[in-house]
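Quick caveat: nothing in here was measured; it's all calculated off a predicted structure.
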Amino acid sequence: MAQAAEIGAPPARQWRQSTVFLYLRSLFALAIIWSLIALWVGNHVILPQPTSVAYELFRLVISGEMLVHAAVSLWRLVLSYALAALIGIPLGLLMGLWPWASDLLDPVVEILRPISGIAWIPLALFIFGVGNELPIFIITYVALFPFLLNTMAGVRTTDRTLIRAARTMGVDQRTIIRHVMIPSALPQILTGARIAGGAAWMSLVAAELIGAPSGLGFAIEWYRQLLMTPKVIAVIVVISLLGYLTDRLLRWLQRRLTPWSTGIGAGR
Amino acid sequence: MSTTRWPRYFILPVALIVLWQLWGMTLPARSRAPVPLDVLASAVELVASGRLPMAILQSLGRVGLGFLVAGAIALVLGLLMGFFRPVERNLDPIIESFRPVAPIALLPLAILWLGTGTPAAVFIVAYAAFFPMIVNTIAGVKGVERRLVQAAQTLGVPQLTILRTVVLPAALPSIFVGVRVAMGLAWMSIIAAELAVGSKGGGGGSGGVGEMMFVFYAYYIELDSIVVCMIAVGLVALAIDHGLRWLQRWLMPWAEQYR
């Protein structure tokens, strides 16, 4: 919503106000429908009123409980995301730059890639047990492939003319890689970063739901077992909000680092 | 170039499997760690007994059902939202608010509402598959060349007929991209849903590959069989994607750019 403000021109401001208005109006209508259905269902455990969800959300935030769960989840997410980037980007560069590396590694990547991170959960449960290692392993695994494949593709699609031009001017290979190929691959690397971010959130929830003693995913399941549905929905709202903000942050980074890029999803 | 490079492709996978096997042979006999030869034996057993194919069919059935439900809603809503401005302006905020909700996060609610059987799993699949399809349908409809629509309007074709005969075919390639993404997500979430239902549903088994994996983990501790299931999950994912690509080429030979 706030992004619309960046368009900036005076007529755009008016437009933005009306968009915000439309947004609120639609959500308000949704809340009323939800409330009516909740009245009709008449069971607080199955479908609580939106107001009681809002109240529980407020209480969870005020008591700091939500903060603790969110901090644990975010810490795991950031750690494994960084790990995936640290492994995926260099490996992708290697595979993009040298055909022998991609010949060797590509089959392994292609064998592992279709096996979703979630399918690793039972085996990882056995190896790591319930704890921090399981979600970190799963998220790193899931985020690794978008980083790797997009870096590789980005390096490979570097404009040959640019490389030849640099070579003609006597620039050595290492400098070409650093100053021509990496900048040219950056937009696609950042696209990979965004895909990795989305996939990471989804698997974080799954991994925590099944195999972690803490975190937001654990919290949903915990409150479900206690039949505290308003709290379950409150946690889901927070997960969605954080997922949304993560995506916004990555989009912002993409615009900031590669303002020239018009690539996939660089805009909205 | 492909003929000379072929042998290199096998070096690393074969080396890794051999190393894995050698590592497995150093383990004490009581170890439960999966080893390639045991995995193979377990795969033969699971396939021959028909348990794995049955479980995969059950999971695929749920994916298909959830996918159909999601597809029908996404197609109708997407066409209307892409074509009629007011519909989009009112529904888009709702779609955008629900989009960031991870499908797996809804699983506890699904269990609460629908129990631990097939309906909960189908719900999760439908939810996961809905968003890629609707987003791509809207994008596809908006990408339809204006002149085609205007030409039809000039000829006095009713709006809904234009939607069906002009907009839908022109948007089809983009819709299909959404279908492929949605299928990938759907297959991923069915595994998650079945796993979580298996682990959190209090044992009320509901079948499917995901639940099978959980049973192997929790009750039998047969890691070889878990690895077999993982490989099967990967192979099904590959088969789904290749099948859809093939379908796309067959249905829309003109849509080169979307491959």
Side-chain angles (χ1 to χ4, degrees), chain A residues 19 22-27 29-30 45-47 99-100 103-108 110-123 125-127 198 201-206 209-211 216-217 220-221 223-225 227 229 232-233 235-237 239-247, chain B residues 1 5 8-13 16 32-34 89-94 96-109 111-113 128 184-185 187-189 191-192 195-196 199-200 209-210 213-214 216-218 221 223 226-227 229-239 241:
Chain A
T19 312
L22 278 170
Y23 213 99
L24 291 177
R25 191 179 67 178
S26 294
L27 289 185
L30 187 74
V45 172
I46 290 182
L47 190 66
W100 57 263
D103 281 358
L104 277 179
L105 291 170
D106 199 50
V108 178
E110 289 304 317
I111 290 171
L112 289 179
R113 196 162 63 108
I115 303 176
S116 57
I118 286 164
W120 278 90
I121 290 178
L123 191 62
L125 264 175
F126 189 81
I127 299 173
W201 260 109
M202 188 167 159
S203 46
L204 172 85
V205 177
L209 197 71
I210 300 169
L216 291 167
I220 325 176
E221 181 53 30
Y223 288 125
R224 182 191 73 87
Q225 282 173 1
L227 295 179
T229 313
V232 173
I233 299 177
V235 179
I236 293 174
V237 169
I239 290 176
S240 317
L241 213 63
L242 288 175
Y244 176 79
L245 290 176
T246 312
D247 190 53
Chain B
M1 83 180 190
R5 278 162 76 174
R8 266 199 250 171
Y9 289 137
F10 296 106
I11 296 175
L12 204 54
L16 284 176
R32 293 187 190 276
R89 273 153 54 104
N90 285 298
L91 286 184
D92 188 56
I94 296 174
E96 285 300 316
S97 328
F98 278 95
R99 200 147 76 105
V101 181
I104 318 292
L106 288 179
L107 197 77
L109 283 182
I111 293 176
L112 201 63
W113 292 336
L185 268 179
W187 181 243
M188 191 176 137
S189 2
I191 305 298
L195 255 180
S199 69
K200 304 296 181 190
V209 190
M213 288 171 86
F214 187 79
F216 282 136
Y217 160 74
I221 322 186
L223 298 191
I226 291 181
V227 175
C229 290
M230 285 167 65
I231 296 170
V233 166
L235 286 178
V236 172
L238 268 184
D241 195 56

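- Side-chain contact between A/Leu104 and B/Ile11 is present, with at least one heavy-atom pair separated by less than 4.5 Å.
- With a 4.5 angstrom heavy-atom cutoff, B/Val236 does not touch chain A via any of its atoms.
- No other option in B/Ile94, B/Leu91, B/Val233 has as many heavy-atom pairs under 4.5 Å with chain A as B/Ile94.
- Heavy-atom distances place the side chain of A/Leu227, and not its backbone, under 4.5 Å from chain B.
- The most heavy-atom pairs under 4.5 Å with chain B, out of A/Pro122, A/Gly243, A/Gly217, come from A/Pro122.
- No part of A/Leu204 comes within reach of chain B, as not one of its non-hydrogen atoms sits under 4.5 angstrom from that chain.
- Distance check: A/Leu22 CG to A/Leu24 CG gives 9.5 Å after rounding to the nearest 0.5 Å.
- The shortest side-chain heavy-atom distance between A/Tyr23 and B/Glu96 falls under the 4.5 Å cut-off.
- Heavy atoms closer than 4.5 Å to chain A are found nowhere in B/Phe216, neither backbone nor side chain.
- For A/Ile236, the part lying near chain B is the side chain, with the backbone staying farther off; criterion is any non-hydrogen pair under 4.5 Å.
- Looking at every heavy atom in both residues, A/Ser240 comes nearest to B/Val101 through OG-CG2, 3.1 Å.
- If you take CD on A/Glu221 and CD1 on B/Ile104, they are separated by 12.5 Å, rounding to the nearest 0.5 Å.
- Looking at A/Arg25, the atoms closer than 4.5 Å to chain B (heavy atoms on both sides) all sit in the side chain, from C-beta outward.
- Side-chain atoms of A/Trp201 and B/Pro100, non-hydrogen and from C-beta on, never get closer than 4.5 Å to each other.
- In terms of non-hydrogen atom pairs under 4.5 Å with chain A, the most contact-rich of B/Leu238, B/Asn90, B/Ile226 is B/Asn90.
- Inter-residue side-chain proximity for A/Thr229 and A/Leu47 is flagged as unmet; no heavy-atom pair is nearer than 4.5 Å.
- Interface residue B/Leu16: only side-chain heavy atoms are found under 4.5 Å from chain A.
- For chain B, the nearby part of A/Leu30 is the side chain; its heavy atoms alone come within less than 4.5 Å.
- Residue with the most contacts toward chain A among B/Ala192, B/Ala232, B/Ala102: B/Ala192 (heavy-atom pairs, distance under 4.5 Å).
- For A/Leu123, the parts lying near chain B are the backbone and the side chain together; criterion is any non-hydrogen pair under 4.5 Å.
- Using a 4.5 Å heavy-atom threshold, the side chains of A/Trp120 and A/Leu112 count as touching.
- Taking each heavy atom of A/Ile220 and B/Pro108 in turn, the nearest pair found is CG2-CG, 3.5 Å.
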